[in-house]
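Take a look at the structure set out below.
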2 protein chains.
Amino acid sequence: MPEGPSPGQNHLLAELPADVMARLMPLELVTMPLGKVLYESGDTLRHVYFPTDSIVSLLYVMESGASAEISVVGNEGLIGVALFMGGESTPSRAIVQSAGHAYRLPGQVIKEEFNRHGALLQLILRYIQALLTQMAQTAVCNRHHTIDQQLCRWLLLSLDRLPGNQLTMTQELIANMLGVRREGVTDAAGKLQKLGIIEYSRGHITVLNRDALEQLSCECYAVVKKETDRLLPYLTQSAHSDVEKVYIDQ
Amino acid sequence: MPEGPSPGQNHLLAELPADVMARLMPLELVTMPLGKVLYESGDTLRHVYFPTDSIVSLLYVMESGASAEISVVGNEGLIGVALFMGGESTPSRAIVQSAGHAYRLPGQVIKEEFNRHGALLQLILRYIQALLTQMAQTAVCNRHHTIDQQLCRWLLLSLDRLPGNQLTMTQELIANMLGVRREGVTDAAGKLQKLGIIEYSRGHITVLNRDALEQLSCECYAVVKKETDRLLPYLTQSAHSDVEKVYIDQ
DNA sequence: CCACCTCTGTGCGCTACCGCACATATGCAT
DNA sequence: ATGCATATGTGCGGTAGCGCACAGAGGTGG
């Protein structure tokens, strides 16, 4: 079943009715190389991105250079909500965390459609609430949970947004996302490997036992997952459904 | 200049045009006693609240009982955004952190007005972006900053939402908000008192040197303040303006 | 095959914060 | 005034994570 890229691989786009999609014609497929910065803190946003098989992290970088991931966005969401909100910019950076593709749309086009106050508005509002939940939970998690727990959460969040059970990610980068030392991640990942839950080598991580990850993760993963499913139910029924396809259990 | 409560004391309400306000007639003034829970995690929201001289904290309480403040809302904002988003509930608790008053509106009424897609929609969207910024910054702050710094940030956030330079708040409650030990707050507050920056006794804190607080605070306070001012500029020109009054420098 | 760069492993002293136990102080009610 | 509940101060051992330094290990390109 060879599959070319299609807008329907992004769950938000998949939900939009045909007439809306027709007005979003300027949709443009772009490649998302690892590490690419979609926008920098304070930049005026020019596009919104709907990831298909890529993952983007919203990262806050402090004056000191230390950083922390605020949110992670894959094919369930979009990057650039500030465009709708009237702000046009945010104090965070959007950076590609897992290479792949996304559909891109000029800010002007999506704003016009948004201002029709139709299906897109409703969908975006729900998505924003899911985003609020994710950010809130990140704050809680940063306060109370160990690196071990957070690594599990982070792996699960990434896994949910990728087709297979592999991710390409060095411990250094994970440390950046979690806002901790690289050595801390080495420790935590080492434990998981000894337990046979993951396997990794030089930036390639394979998850062998997803259930165990969920066991070891803090409650934060489940809370965010549950709330996202509640807010955007149809969007998560199938991990990689196509517009034209019948939904199937994965 | 004796001042009774007026909807205009809430900055969001103050910004709404007269015709919108006319449709929000069911506005009801309610007292907000310290510790009152406006809604519990998962509750279906029945009202939205526009604080005038009260402060409400959005608190996440974990399975273990540990907690963390997600956001703080005073007369610059409103409580209950989930009503607009299509979610109807959130996984957090809203609790009155500083006693006072608020204007309350049945969810149905505000939703109807929201769905007219007029001035209220625009205002709420901007407010939500400010909220997103505050949550994101909370996450970062929890990750990287010391209790000392966070206490300063927290005091400033509260101060901005109150008329005077006093707040009624035990160290125990502050510890709950920050998600740290009470003793940690005692330590930090003790230092500030020794420096002559604050003065406190049994739940009453007086800020003597606001500038010093800003110096000792982490950058998080300034980032949130700046972004809020940018997104909702007119709202912050005067701390306690009335609808009918000309704006004056406080 | 070798050199090199990147990624991962490990050790060590240090600090912030935790959990607990208990001492002291302060306002309020009678 | 006197008691009492609540708020605050302090000390102590334990731990998670930090910053740093450096040692292997594994790809990649010449």
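All chains are named by letter (A, B, ...) in the order of the sequence lines, taking the proteins before the strands, and each is independently numbered beginning at 1.
- Residue A:Leu34 contributes atom CG, which lies 14 Å from atom P of C:dT6 at whole-angstrom precision.
- Closest to the side chain of A:Ile147, from the set D:dC18, D:dT8, C:dC20, is D:dC18.
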Check: Hey, mind stepping through B:Arg210 and B:Gln215 against side chain to side chain donor-acceptor pair (under 3.5 Å) and telling me if it holds?
Finding: CA-CA 9 Å; B:Arg210 195 188 200 286; B:Gln215 290 296 322; over 6 Å; no
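- For the pair B:Gln171 and D:dG9, the criterion of a side-chain N or O lying under 4.0 Å from OP1 or OP2 is met.
- Atom pair B:Leu151:CG and D:dT8:P shows a separation of 12 Å (rounding to whole Å applied).
- For a distance-only test at 3.5 Å, the side chain of A:Arg182 fails to qualify as a donor-acceptor partner of the base of D:dG19.
- By the side chain to side chain contact (heavy atoms under 4.5 Å, CB included) test, A:Val224 is found to be paired with A:Gln134, A:Gln137, A:Thr228, residues two or more places apart in sequence or in another chain being considered.
- Nucleotide C:dC17 holds its P atom 11 Å from the CG atom of B:Leu178, rounded to whole Å.
- Remark: P of C:dT8 and CG of A:Leu173 are 9 Å apart, rounded to the nearest angstrom.
- Here the side chain of B:Tyr200 is nearest to one of D:dG11, D:dT8, C:dG9, namely D:dT8.
- B:Leu162 places a side-chain heavy atom less than 4.5 Å from the side chain of B:Leu167.
- Using a 4.0 Å heavy-atom cutoff across all strands shown, B:Gly184 reaches no nucleic acid atom at all.
- Of all nucleotides listed (C:dG11, D:dT10, C:dA16), C:dA16 comes nearest to the side chain of B:Thr146.
- Residue whose closest nucleotide on DNA chain D sits further toward the 5' end, between A:Ser201 and A:Asp148: A:Asp148.
- Between the CD atom of A:Glu199 and the C1' atom of C:dT8 there is a distance of 15 Å, rounded to whole Å.
- Here the closest non-hydrogen pair linking B:Gln129 and A:Met85 is OE1-CB, 3.3 Å.
- Across D:dG11, C:dT8, D:dG26, the shortest atom-to-atom separation from the side chain of A:Arg202 is found for D:dG26.
- The distance between atom CG of B:Asn142 and atom P of C:dA16, rounded to the nearest whole Å, is 18 Å.
- Residue whose closest nucleotide on DNA chain D sits further toward the 5' end, between A:Glu183 and B:His204: B:His204.
- With respect to A:Lys225 and A:Asp229, a salt bridge is recorded, a charged nitrogen being found less than 4.0 Å from a carboxylate O.
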